[in-house]
Chemist: 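I'd like to ask you about the structure that follows.
Side-chain atoms are counted along with the backbone in the values below, which use heavy atoms only and exclude waters and symmetry mates.
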Amino acid sequence: MAEQFSEAGGGSGSQPPGDSFERPAAGTYARLAVAALLIASAVFVLLVDRSLRRPPEIPEVLQPTAAAATADPTREAPAVIPVTPEPIVIDLEVPQGPFEQLPTPTVVPVHTEAPARYFLVAVQSGDTLAALASRYGYSFEEIAELNGIDEPYIIQIGDELLFPNR
């Protein structure tokens, strides 16, 4: 047997095949993984994919009638005219209660400042009581009485006269 081994290419110091454990090549595991993936794909196609290609079962209710199955496909289908359904009237009784009554609107007075009752006019050079009263639409007697000016109705430059605001 040693002669046969040496003829097969082994040397005298070599061990006969089967006596030692050889490590597989690095690409062997990759080849095995690819082969397993191919086998799994084939099983999927043969078993699962066929069930996906099978037409679904149609319930009896949805099966076409014999008249529809024998109908001439070249003939046009009759026109379907949509019918508007009758309106539905719902008679609801809504209870009357305090929540139904609208509140009476409340008038809130708006605070506005009242216009001033009087305004002041400063006497300048050349002004007379009659001229100032006439300029603002009053009689000189009204302005004199309001400001406490007596006859001869003399006013001085810089005096401030009170006029009513109308």
Side-chain angles (χ1 to χ4, degrees), residues 26-27 29-166:
Y29 291 118
R31 286 186 203 119
L32 286 174
V34 169
L37 186 60
L38 289 173
I39 291 171
S41 299
V43 168
F44 176 78
V45 169
L46 291 174
L47 299 177
V48 178
D49 191 41
R50 284 188 182 171
S51 67
L52 294 176
R53 290 185 188 167
R54 190 176 330 138
E57 295 180 18
I58 300 174
E60 234 181 88
V61 176
L62 300 176
Q63 293 288 339
T65 60
T70 60
D72 184 12
T74 59
R75 193 178 75 176
E76 289 186 25
V80 177
I81 301 171
V83 178
T84 305
E86 292 295 320
I88 299 173
V89 178
I90 301 174
D91 188 23
L92 294 176
E93 289 185 28
V94 180
Q96 296 295 325
F99 57 86
E100 292 286 327
Q101 298 171 354
L102 296 175
T104 306
T106 305
V107 178
V108 178
V110 177
H111 178 71
T112 58
E113 293 205 19
R117 295 179 65 189
Y118 299 98
F119 64 94
L120 291 175
V121 175
V123 177
Q124 297 180 359
S125 174
D127 285 341
T128 63
L129 186 60
L132 287 173
S134 174
R135 185 182 308 155
Y136 292 104
Y138 296 98
S139 71
F140 76 93
E141 289 94 6
E142 285 178 291
I143 302 305
E145 185 180 335
L146 181 64
N147 288 285
I149 301 172
D150 295 323
E151 283 187 45
Y153 307 113
I154 297 175
I155 55 175
Q156 302 288 327
I157 295 174
D159 285 349
E160 290 184 335
L161 300 177
L162 200 58
F163 279 78
N165 194 10
R166 311 185 204 179

Chemist: What distance do Asp127 atom CG and Ile157 atom CD1 have between them, rounded to the nearest 0.5 Å?
Modeler: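 The CD1 atom of Ile157 is 8.5 Å from CG of Asp127, to the nearest 0.5 Å.
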
Chemist: Counting only heavy atoms from other residues, nucleotides and ligands, does the tally under 6.0 Å from CD of Glu145 exceed 12?
Modeler: no

Chemist: Is the number of heavy atoms from other residues, nucleotides or ligands within 6.0 Å of CZ (Arg31) greater than 12?
Modeler: no

Chemist: Where is the tightest heavy-atom contact between Leu120 and Glu160, given as atom of each residue plus distance?
Modeler: CD1-OE1, 3.7 Å

Chemist: If you round to the nearest 0.5 Å, how far is CD1 of Ile149 from CD1 of Ile143?
Modeler: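 Reported value, rounded in 0.5 Å steps: 9.0 Å.
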
Chemist: Nearest 0.5 angstrom please: Ile154 CD1 to Asp159 CG, how far?
Modeler: 11.0 Å

Chemist: Taking the side chain from Ser41 and the backbone from Leu37, do they hold a donor-acceptor pair closer than 3.5 Å?
Modeler: yes

Chemist: Do you know which two heavy atoms are closest between Leu162 and Asn147, and how far apart they sit?
Modeler: N-OD1, 2.7 Å

Chemist: Grab the two heavy atoms, one from Pro164 and one from Leu146, that are nearest each other, plus how far apart they are.
Modeler: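 Smallest interatomic distance, heavy atoms only, reads CD-CD2, 3.6 Å.
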
Chemist: Rounded to the nearest 0.5 Å, what separates atom OG in Ser139 from atom CG in Leu129?
Modeler: 9.0 Å

Chemist: Are Tyr118 and Phe163, when compared by the centres of their aromatic rings, separated by less than 6.0 Å?
Modeler: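 So the answer is no for these two rings.
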
Chemist: What are the two closest heavy atoms between Phe140 and Ala130, and how far apart are they?
Modeler: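 The answer is CB-CA, 3.8 Å.
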
